[in-house]
Amino acid sequence: MEKNQLMRINFSEISLKETLPDNLTVNDLLEIVQKDMSAWKELNAYYRCAMMEIETKFKVLNEQFSLRYDRNPIETIKARIKSPESIAEKLIKKKLPITYEAITENINDFAGLRIICSFPEDIYMLADCLLQQDDITLIKRKDYIKNPKPNGYRGLHLVVEVPIFLQNEKKPMKVEVQLRTIAMDFWASLEHKLRYKKNLNPTLSAELEEELKACSDEAAELDIRMQSIRKRIEAEAEGSEILV
Ligand code: 0O2
């Protein structure tokens with residue numbers, strides 16, 4: 001039996017669960033996972049491979065940029081595979097059935113990479129470089145830097161498809177890439193922690209939301225100022241090289 005045939009059988013057996021979306025629970029996915037652990041492990045491995053492919057592409061760009069311009073546009077790369085619980089929660093929120101098909105078709109961030117850059121311009125430069133590569137297909141792009149969320153969240157989100165090459169087949173896999181500056185990442189991490197604090201009194205909560213929005217605007221201003229300082233330093237250095 002061919003490997004992809006085996007995968008199909010695993011997938012369709014798992015998809016027999018005809019539960020109404022309203023009755024779904026996170027346990028439903030955990031049950032599916034436990035029922036066919038090998039299919040789950042396989043899916044996880046495929047997404048991990050796709051994530052490694054994209055991570056390597058960013059590392060290569062970082063290396064090349066460092067050679068050419070003597071600075072690294074990437075500060076840190078964080079990679080993660082979404083937990084079964086978070087996947088189930090997302091499917092429930094989207095009112096989708098808990099099946100392997102629903103996961104592969106609708107969950108764009110099973111594999112996620114966060115690329116933390118020093119400056120906003122680096123974000124767009126890296127995104128363009130990635131999207132120019134001929135094995136990358138852009139599925140979705142959301143620019144929360146040009147259009148921040150009302151709460152102040154900023155970042156450039158890409159969902160891309162990249163092929164992974166297995167023993168006898170080539171599989172296109174989706175990976176979500178979030179590109180942020182250090183300041184945007186700092187803000188988002190804190191905001192994320194605070195968002196999950198329960199039992200805040202509503203007045204304080206509204207006050208803090210406003211304060212967080214103001215912090216995000218100040219962080220964005222800081223990003224632009226730091227970027228302009230870097231450019232002035234580079235221009236000065238180039239000028240003195242020309243004079244020499
Ligand atoms: P986690 O654990 O952070 O990964 P989609 O995934 O496309 O179906 P959506 O809503 O279109 O869902 O995604 P979007 O708007 O591109 O953003 C999803 C992810 O961006 C979130 O992942 C967060 O990581 C980040 N994000 C978006 N908005 C905010 C925000 O207001 N604050 C913070 N701190 N992060 C945000 P998840 O799924 O929440 O989980």
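Indexing begins at 1, ligand by ligand and atom by atom, following the structure's order.
With sequence neighbours excluded, the residues that form a side chain to side chain contact (heavy atoms under 4.5 Å, CB included) with Pro148 are Arg154. Shown here are the side chain to side chain contact (heavy atoms under 4.5 Å, CB included) partners of Ala214, two or more places apart in sequence or in another chain: there are none. In this structure, the side chain to side chain contact (heavy atoms under 4.5 Å, CB included) partners of Arg80, at least two apart in sequence or on a different chain, are Lys82, Asp109.
Sorted by chain and number, the heavy-atom contacts of ligand 1 below 4.0 Å come from Arg80, Lys82, Lys90, Lys94, Asp109, Arg114, Lys140, Lys142, Tyr144, Lys149, Asn151, Tyr153, His157, Gln178, Ala188, Glu191, His192, Arg195.
Between Tyr153 and His157, the ring-plane angle classifies as perpendicular under the 30° and 60° cut-offs.
For the pair Arg230 and Phe119, the distance from NZ or CZ to the six-membered ring centre is under 6.0 Å and the angle to the ring normal is within 45 degrees.
Both Phe65 and Ile123 sit in one connected hydrophobic cluster of ILVMFWY residues. Membership requires side-chain heavy atoms under 4.5 Å apart, directly or through other members.
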